[in-house]
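Structure first, commentary second.
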Amino acid sequence: MLVIKRFSELSFNEAISLWNESWKHYYSDMTMDLNRFLQKIAGEGISLEKSVVAVYDGKLAGFVLNSFRTINGKRYVWNGGTAIAPDFRGMGIGKKLITVCLNIYEEENVDIARLEAIKQNEAAIKLYKKMGYQTFEELIFLQHEGSVLSLKERNTDIHVREASMQEIQSLSFYKPVTAWQTQFPSLKDFTGLLAIKGDTPLGYAVYKKGYKETGELGGIVLYQCETDLQHPNEQEIVASLVQNAFAPLDASVKRITMNIPKKDNALNRMLTESGFTALVEQVHMERPIKAKSEAKGVKTFSEID
């Protein structure tokens, strides 16, 4: 007997045990301790009350985590993790969980549902497509360890300075609907940069530096990097932003881009030419959510044979 219930019904120990068990034999190590798990829940705005758990014959079998945001008047939901424990894979539990989630999305008046999936995870992508999701872009994590002197500053009349979240959000070319974990509500202790020429904004970037216990710089993550496409010098704008975000360029540390759209643009060309390599590639998928009156036959939080 399969029972679907809310994630909030689990104890902390049950929650972290289910998380770690369900990610066994995955494409990358997704396990974490309870502290990191709670940080993920808080940082990504996961709603445990609107996330679901599968219980099969009294045993925790899998879950889907959900997070909700309203952006530019549209209600979005993000699937922050779907995983099934090894002993219960291939039983259709993932489909049952997503079906229940779609009903929750309708109840929450969601306009668009989004998720990311590892590009090599063909089984998951196939399931999401069956449930109405379609890929609309690809995302990539690029990485480089060591100095990046190849990104050395060039002669340019573009000036880069720090900028607040509010200043970046006020730009006419600001893109609020990026990958979920790169959006401002998901970020903490980040730094914003603004590229300008005279008084004209040309582009922006958002990044974060991480430090070791010794106080030394440990790594840098780039979350966003966008330019005003009305200006033709995209390459110079991106170069100026990246040079500042990844400074000091002679520091031998790990530099990563997180879920940046994979496309032939100045950012990806520049980093690839500078020795950055792919760490993870994902597909970015979305599904419009129909009005509740159009959905029939979906049971929420009920026993499913």
Side-chain angles (χ1 to χ4, degrees), residues 6-8 15 19 30 32 34-52 63-83 101-102 104-117 133 136-141 162-194 201 203-211 219-227 241 245 256-261 267 280 282-289:
R6 297 175 187 261
F7 207 105
S8 56
W19 173 273
M30 299 285 287
M32 58 181 72
L34 180 58
N35 184 52
R36 281 187 59 204
F37 178 73
L38 294 177
Q39 288 177 352
K40 171 185 172 65
I41 297 302
E44 296 170 2
I46 301 294
S47 171
L48 297 182
E49 293 79 12
K50 297 179 179 66
S51 298
V52 294
F63 65 86
V64 175
L65 298 180
N66 294 311
S67 180
F68 301 81
R69 285 177 190 157
T70 299
I71 305 173
N72 288 348
K74 285 190 175 182
R75 184 77 162 155
Y76 286 82
V77 64
W78 175 63
N79 178 330
T82 297
C101 283
L102 292 176
I104 295 173
Y105 302 164
E106 291 157 5
E107 293 175 348
E108 292 297 311
N109 297 313
V110 167
D111 296 295
I112 298 173
R114 284 192 167 185
L115 57 82
E116 301 109 31
Y133 286 84
F136 67 93
E137 68 176 353
E138 293 188 6
L139 303 168
I140 190 168
F141 287 67
E162 289 193 9
S164 67
M165 176 183 70
Q166 291 78 11
E167 188 174 8
I168 291 174
Q169 289 176 321
S170 69
L171 298 171
S172 61
F173 53 92
Y174 168 63
K175 294 184 178 179
V177 192
T178 57
W180 201 266
Q181 292 167 307
T182 69
Q183 294 175 15
F184 282 121
S186 297
L187 304 181
K188 184 180 179 182
D189 300 327
F190 62 86
T191 301
L193 296 175
L194 183 64
Y204 65 89
V206 180
Y207 71 97
K208 178 180 180 179
K209 290 185 175 181
Y211 293 89
I220 305 171
V221 182
L222 181 68
Y223 296 102
Q224 300 180 34
C225 186
E226 299 289 345
T227 65
L241 289 166
I256 296 176
T257 67
M258 174 178 273
N259 271 341
I260 297 293
L267 175 63
V280 177
Q282 300 197 106
V283 293
H284 205 180
M285 309 182 77
E286 72 176 18
R287 182 194 194 281
I289 303 300

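Note that this is a predicted model, so its numbers are computed, not measured.
Taken to the nearest 0.5 Å, the CZ atom of F136 stands 15.0 Å off from the CZ atom of R287. The OH atom of Y207 sits 12.5 Å away from atom SG of C225, with the distance rounded to the nearest 0.5 Å. Of the inter-residue distances, the one linking Q39 atom CD with K188 atom NZ reads 7.0 Å to the nearest 0.5 angstrom.
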Practice task
Decide yes or no on salt bridge (Lys or Arg N to Asp or Glu O under 4.0 Å) for E49 and R6, but give the supporting numbers first.
Solution key: CA-CA 6 Å; E49 293 79 12; R6 297 175 187 261; over 6 Å; no
Practice task
Check the pair V64, S51 against side chain to side chain contact (heavy atoms under 4.5 Å, CB included), reporting the backbone distance first and the verdict last.
Solution key: CA-CA 6 Å; V64 175; S51 298; over 6 Å; no
Practice task
Show your reasoning for whether side chain to side chain contact (heavy atoms under 4.5 Å, CB included) applies to I289 and L102.
Solution key: CA-CA 8 Å; I289 303 300; L102 292 176; 4.1 Å; yes
Handout entry: Stepwise side chain to side chain contact (heavy atoms under 4.5 Å, CB included) check, I104 with V52
Key = CA-CA 10 Å; I104 295 173; V52 294; 3.7 Å; yes
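For the residue pair F7 and A15, the shortest heavy atom distance occurs at CE2-CB, 3.5 Å. Contact detail for L194 and G203: the closest heavy-atom pair is CD1-O, 3.3 Å. Between Y76 and V110, the closest heavy-atom pair is C-CG1, 4.4 Å. Nearest heavy-atom pair, D111 versus G73, reported as atom, atom and distance to 0.1 Å: OD2-O, 4.4 Å. Shortest non-hydrogen contact noted between N66 and C101 is ND2-SG, 3.4 Å. In terms of heavy-atom proximity, G45 sits nearest to S67 at O-OG, 2.9 Å.
T191 places a side-chain heavy atom less than 4.5 Å from the side chain of E162. The shortest distance between side-chain heavy atoms of L267 and L222 falls below 4.5 Å. Counting heavy atoms from C-beta on, the side chains of R114 and I112 come closer than 4.5 Å. Contact annotation: the side chain of L65 approaches that of W19 to within less than 4.5 Å [non-hydrogen atoms, C-beta and beyond]. Put simply, the side chain of V280 does not reach to within 4.5 Å of the side chain of L139, judged on heavy atoms. Put simply, the side chain of T182 does not reach to within 4.5 Å of the side chain of L187, judged on heavy atoms. No side-chain heavy atom of E116 sits less than 4.5 Å from a side-chain heavy atom of M285. Between F141 and I256, some side-chain heavy-atom pair lies under the 4.5 Å cut-off.
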Enumerate donor-acceptor pairs with a distance under 3.5 Å from any side-chain N or O in residues 168-177 to protein atoms, sequence neighbours excluded.
from : atom 1 : to   : atom 2 : distance (Å)
S170 : OG     : E167 : O      : 2.7
K175 : NZ     : E226 : OE1    : 3.3

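Side-chain N/O atoms of Y223 and N259 include no donor and acceptor closer than 3.5 Å. Side-chain contact, Q181 with E44: a donor N or O sits under 3.5 Å from an acceptor N or O. Between S186 and R69, the side chains place a donor N or O and an acceptor N or O closer than 3.5 Å (distance only, hydrogens not considered).
One N or O on the side chain of Q183 and one on the backbone of T178 form a donor-acceptor pair closer than 3.5 Å. Using modelled atom types, one side-chain atom of S47 and one backbone atom of K50 make a donor-acceptor pair closer than 3.5 Å.
Between F68 and W78, the distance separating the two ring centers is not shorter than 6.0 angstrom.
Every side-chain contact (heavy atoms from CB on, under 4.5 Å) that T70 has, sequence neighbours left out, goes to R75.
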